[in-house]
Structures are given as structure tokens and as C-alpha cells.
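Note that ligands are numbered from 1 as they come in the structure, with each ligand's atoms numbered from 1 the same way.
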Amino acid sequence: MLRLDQIHPLISGNKWFKLRGYLELATSLRKSTIVTFGGAYSNHLHAVAAACKLLGVRCAGVVRGERPSMLSPTLVDAAAMGMDLFFVSRKDYTEKKLPEMLLQQHPEHLLIPEGGYGPEGIAGAATMLAGVNLPMYSHIITACGTGTTLAGLVLGTTEKQRVTGISVLRNHLSLSDEVDRLLPDRRRGCFEIINGYHQGGYARHTPDLLRFMNEWYRDTGIATDFVYTGKMMFAVSDLAAHSFFAPGSHVLLIHTGGLQGNRSLPNGSLIFQ
Ligand SMILES: *Cc1c(COP(=O)(O)O)cnc(C)c1O
């Protein structure tokens, strides 16, 4: 398992890698503020706030939904790290409309698409495998949301590796096309996406999933998050039980981080919370 959850106490996992290209772009374009989008428990918002604090860059986050009377722990962290929060209606959020106030306060900004999807995101994600002895592995597996991380892995590997994404979304069947769109011709289609392990949909969970995550923690000491890595491990364990991996396979699992998001679960749901 590639433990990207352990690279830094605050900027966890794949989000850092997806961000690096955008942060370099902001510097070269002399943009004074990074602006991006996310929900109340977004790993992406959390990582952007942490990275900008470390680098001394201003940042603003557009958050889906009205401002709640009590901010989520994720948003409390983001605000404490200096992120300016702007709450917008679900409709404006879907349309990716930036609030007037934000435009006035941060006219010179660089916009990072939700989840870091885009060419800068994938180029950064491809560097996740630096330091991995790639020829050792027959399979590489990651959870996927936007598919940017998966696309980066496809860029960073060769035809010797089977690259698999476990989708955490329900009925998002255009995901393969969206991943292909990020890839150069020669690497299109060099991956597979497995649907059916979403456990009810994005950020949904089932008692089976939480039970699995607790058992897996007990067996390995590795904590997972219920939105992404828990579903990936659940899928890998189920696939292994159904002979998905031929004998002699060497499987590299990507721990993409995201543990901060477990704070949205009721206390006591996880033994490692
Ligand atoms: C965002 C995220 C992913 C999904 O990454 P995509 O590049 O959007 O597919 C996977 N795991 C964790 C922990 C994440 O926060």
C-alpha cells in the first residue's frame, strides 16, 4: 500500500499531488489568491487551505449550501488555516457561479476546478508514483471520484501494470470517458473502472462498510476513510475473494488519504476515529 495518507500531517493524500500543478501555475501567472469549491467535509478544500497556509498564498473556498449555524470540523480547520469561506446556494454551486463578494475581494485569482480535475491535476497526480519500484507490480488500484488520480496513475505506469479505479459514485457511467479525456491518445483506455462498490452513492455508507473498515483496521493497523479508501479496500477484499487476482499478482493499493472526512460520522462509528 502506498501510504499517501502519511505524507504530511495536514495535506493528506492524493489532493496534494493534484494541487501542485495548480499552485505552480498560480505562481507563474502571479495570481494572489487560489479559489476553489467543495462541500462541508471536502478533502479538497481542507488540502487547499493547508497548502496555501504553508506556501503563504491567499485562498478562498466556495462552499455548497447556506452557512450552517455550526461549521463542520473541516470548515473550522479551513477557516483557521486562513481560507475565506463563501457559502452559495446549491443551484449557484452546480453552476459554479462565483459570488460577487468573492470577485470583489479576490479579483486576481486562479480557479482550481472542483476536486482538481484537469490537466494540472493529472500531471501532479502522475508524480504520486515517484519512488515506487514500478516493475514489481502487476496491478495498481485506487478509489476514484473525478478520475483525475486514476488518469495520473495511467500516465505514470506502463502496459505492464493493470490500473483499476474503484468508483465511489453511483451511476456515474461517463467516468471512463472523463478519464480518457485527460489522457494522451497512446494511454487512452489503458485502465478499467469498477462500479458497484459505492455503498449507496457518494459519501453514503452501509453498516457492512463500517464493519469492514473496523475489521481491516484491527487486522492491519491501517485507518481508512468511509468515502474513498474504505470502499476501495472493501472492493479489493471482495475482488480477491472472487479470484480477480491471478496467483503471483503483486498489487499496489493507493491510500489516497482523506481520513479527516471521517469526522462527519457519529462518534463511535469507527474504532480508530
Ligand atoms: C478526492 C479523493 C479521491 C478521488 O480522487 P479523484 O482524483 O477525484 O478521482 C480518492 N481518495 C481520497 C481520499 C480523496 O480525497
Report, in ascending order of atom number, the atoms of ligand 1 lying under 4.0 Å from any heavy atom of Lys18. 5 (O), 6 (P), 7 (O), 8 (O)
Please confirm whether Gly13 approaches ligand 1 to less than 4.0 Å, judged on its heavy atoms. no
For residues Lys18 and Thr146, determine if any side-chain heavy atom of one lies less than 4.5 Å from a side-chain heavy atom of the other. yes
Are any side-chain N or O atoms of Thr142 and backbone N or O atoms of Leu150, one a donor and one an acceptor, separated by less than 3.5 Å? no
Between Arg64 and Tyr93, is NZ or CZ placed under 6.0 angstrom from the six-membered ring centre and within 45° of the ring axis? yes
Just to confirm my output: which protein heavy-atom neighbour is closest to atom 8 (O) of ligand 1, and how far is it? Thr146 OG1, 2.6 Å
Show your working on side chain to side chain contact (heavy atoms under 4.5 Å, CB included) between Val132 and Tyr137 and close with a plain yes or no. CA-CA 9 Å; Val132 169; Tyr137 296 101; 3.8 Å; yes
Within the structure, does Thr149 bring an N/O atom to less than 3.5 angstrom of an N/O atom in ligand 1? yes
Select one of side chain, backbone, both or neither to describe which atoms of His44 lie under 4.0 Å from any atom of ligand 1, heavy atoms only. neither
Looking at Glu114 and Lys96, is any side-chain nitrogen of the basic one under 4.0 Å from a carboxylate oxygen of the acidic one? yes
Flag Asp225 as yes when one of its N or O atoms lies below 3.5 Å from any N or O atom of ligand 1, and as no otherwise. no
Who's the nearest protein heavy-atom neighbour of atom 10 (C) of ligand 1, and how far? Tyr228 CD2, 3.3 Å
Should Arg211 and Glu215 count as an ion pair when the cut-off is N to O under 4.0 Å? no
Enumerated ligand 1 atoms positioned under 4.0 Å from heavy atoms of Thr256: 10 (C), 11 (N), 12 (C), 13 (C)
Is it true that the NZ or CZ of Lys15 lies under 6.0 Å from the centre of Tyr228's six-membered ring and within 45 degrees of the ring axis? yes
Mind checking whether Arg58 and Ile34 have side chains closer than 4.5 Å, heavy atoms only? no
For Gly145, the ligand 1 atoms whose distance to one of its heavy atoms is below 4.0 Å: 4 (C), 6 (P), 8 (O), 9 (O)
Does Asn14 approach ligand 1 within less than 4.0 angstrom via side chain, backbone, both or neither, non-hydrogen atoms only? side chain
Report yes if the side chains of Ile254 and Ile141 come closer than 4.5 Å at any heavy-atom pair, otherwise no. no
Do any N/O atoms on Gly147 end up under 3.5 angstrom from N/O atoms on ligand 1? yes
Intermediate values then yes/no, ring-ring contact (aromatic ring centres under 6.0 Å, His included), Phe226 and His205: CA-CA 7 Å; Phe226 79 96; His205 59 87; 5.3 Å; yes
Ligand-residue contact atoms, ligand 1 with Cys144, heavy atoms, under 4.0 Å: 9 (O)
A student checking ligand 1 against Asn43 at a 4.0 Å heavy-atom cut-off should list atoms 13 (C), 14 (C), 15 (O)
Quick one: look up the protein heavy atom nearest atom 13 (C) of ligand 1 and list residue, atom name and how far away it is. Gly257 O, 3.2 Å
Below 4.0 angstrom from a heavy atom of Lys15, which ligand 1 atoms are there? Numbered from 1 as shown, please. 1 (C), 2 (C), 3 (C), 14 (C), 15 (O)
Atoms in ligand 1 flagged as close to Gly258, the criterion being non-hydrogen separation under 4.0 Å: 13 (C)
